[in-house]
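Position 1 is the first residue of the sequence; numbering continues from there. Note that this is a predicted model, so its numbers are computed, not measured.
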Amino acid sequence: KGGCPAGEAVITAGYRLPARFVIHAVGPIWGGGNRGEDALLVSAYRASMALAAARGIKTLAFPNISTGVYGFPKERAADLVYGFFSSNCFPGVDRVTFACFDPENLSLYRAVFGAR
């Protein structure tokens with residue numbers, strides 16, 4: 001009901017999924033970069049991590065938020081996500097996985113996070 005604004009996140013039960021919880025993060029629709037899109041994208045990840053910490057969630061997986069139909073530039077998003085995760089500490093979180101659904105995002109995430 002009602003949804004969630006860009007930059008925020010909500011948590012639900014995982015129901016039949018192989019996860020206890022699902023965090024639904026809403027990223028911004030790309031509008032050229034002058035509408036606060038960068039801050040909203042980072043805020044979606046921050047809100048998700050805050051919900052995870054509040055529930056004691058130790059492992060999370062994220063898609064490439066907003067880089068699909070919302071049109072956020074993939075390289076810009078990868079740089080912002082790297083900046084956020086490399087400059088913040090998340091006590092209690094053991095693992096964060098990025099589920100890259102296309103070769104371009106996978107290549108970008110490997111490059112910025114230094115994965116081999």
Side-chain angles (χ1 to χ4, degrees):
K1 293 181 189 177
C4 183
E8 294 186 17
V10 296
I11 191 167
T12 65
Y15 300 103
R16 294 184 191 157
L17 294 172
R20 286 186 315 159
F21 301 105
V22 174
I23 297 173
H24 308 269
V26 181
I29 297 171
W30 182 252
N34 297 315
R35 298 181 186 156
E37 295 99 320
D38 290 357
L40 288 170
L41 182 64
V42 170
S43 180
Y45 284 97
R46 181 178 292 110
S48 297
M49 295 304 292
L51 288 171
R55 295 289 179 110
I57 296 171
K58 297 190 178 300
T59 61
L60 293 97
F62 286 101
N64 303 111
I65 297 173
S66 285
T67 64
V69 296
Y70 280 13
F72 204 104
K74 293 176 183 182
E75 185 171 2
R76 185 175 184 140
D79 288 339
L80 288 166
V81 171
Y82 176 78
F84 171 71
F85 280 96
S86 65
S87 64
N88 290 279
C89 181
F90 305 102
V93 175
D94 295 334
R95 173 183 239 160
V96 174
T97 300
F98 296 98
C100 299
F101 292 106
D102 65 58
E104 184 180 5
N105 269 318
L106 179 59
S107 177
L108 289 166
Y109 272 64
R110 282 184 170 160
V112 299
F113 281 93
R116 311 257 180 294

- Rounding to 0.5 Å, atoms CG (Asn64) and CG (Asn105) come to a distance of 3.5 Å
- Within the 6.0 Å centroid threshold, strictly below: Phe85 and Phe98: yes
- Note on the structure: When every non-hydrogen atom of Tyr109 is compared with those of Ala77, the smallest separation belongs to OH-O, 4.5 Å
- Between Ala78 and Leu108, what is the shortest heavy-atom contact and its length? CB-CB, 4.1 Å
- Please identify each residue that fulfils salt bridge (Lys or Arg N to Asp or Glu O under 4.0 Å) with Glu104, with sequence neighbours left out. Lys74
- For Ala25 against Ala44, the heavy-atom pair lying closest together: CB-O, 3.9 Å
- Hydrophobic cluster (4.5 angstrom, side-chain heavy atoms) - remaining members for Leu17: Val22
- Item | Partner residues of Tyr82 under the ring-ring contact (aromatic ring centres under 6.0 Å, His included) criterion, sequence neighbours left out | Phe113
- Message: How long is the straight-line distance from CG of Leu60 back to CD1 of Ile23, given to the nearest 0.5 Å?
- Response: 5.0 Å
- Message: Would you say OH of Tyr70 has more than 12 non-hydrogen atoms from neighbouring residues, nucleotides or ligands within 6.0 angstrom?
- Response: no
- Query: Is there a donor-acceptor pair closer than 3.5 Å between any side-chain N or O of Ser43 and the backbone N or O of Ala39?
  - Reply: no
- Please answer: with hydrophobic residues joined when any side-chain heavy atoms are less than 4.5 Å apart, are Met49 and Val10 in the same cluster? no
- Tightest non-hydrogen contact, residues Ser66 and Pro28, listed as OG-O, 2.8 Å
- Partners passing ring-ring contact (aromatic ring centres under 6.0 Å, His included) against Phe21 (at least two apart in sequence or in another chain): none
- Message: Can you tell me how far apart CG (Leu40) and CD1 (Ile65) are? Round to the nearest 0.5 Å.
- Response: 12.0 Å
- Query: Are Phe62 and Val42 joined in one hydrophobic group, where the rule is that I, L, V, M, F, W and Y side chains link up if heavy atoms are under 4.5 Å apart?
  - Reply: yes
- Partners of Arg20 by salt bridge (Lys or Arg N to Asp or Glu O under 4.0 Å), sequence neighbours excluded? none
- Aromatic ring pairing Trp30/Phe72, orientation class (parallel under 30°, perpendicular over 60°, tilted between): perpendicular
- Hey, does Thr59 have a side-chain heavy atom less than 4.5 Å from the side chain of Thr97? no
- Taking all non-hydrogen atoms of both residues, which atom of Phe90 and which atom of Asn88 are closest, and how far apart? CZ-CB, 3.4 Å
- Minimum heavy-atom separation for Val26 to Pro5, with atom names? CB-O, 3.7 Å
- Message: I need the full list of salt bridge (charged side-chain N to carboxylate O under 4.0 Å, His left out) pairs touching residues 23-51, with sequence neighbours left out, sorted by first then second residue.
- Response: Asp38-Arg76
- Task: Please check if Val96 and Leu106 belong to a single hydrophobic cluster, counting links between Ile, Leu, Val, Met, Phe, Trp and Tyr side chain heavy atoms closer than 4.5 Å.
- Result: no
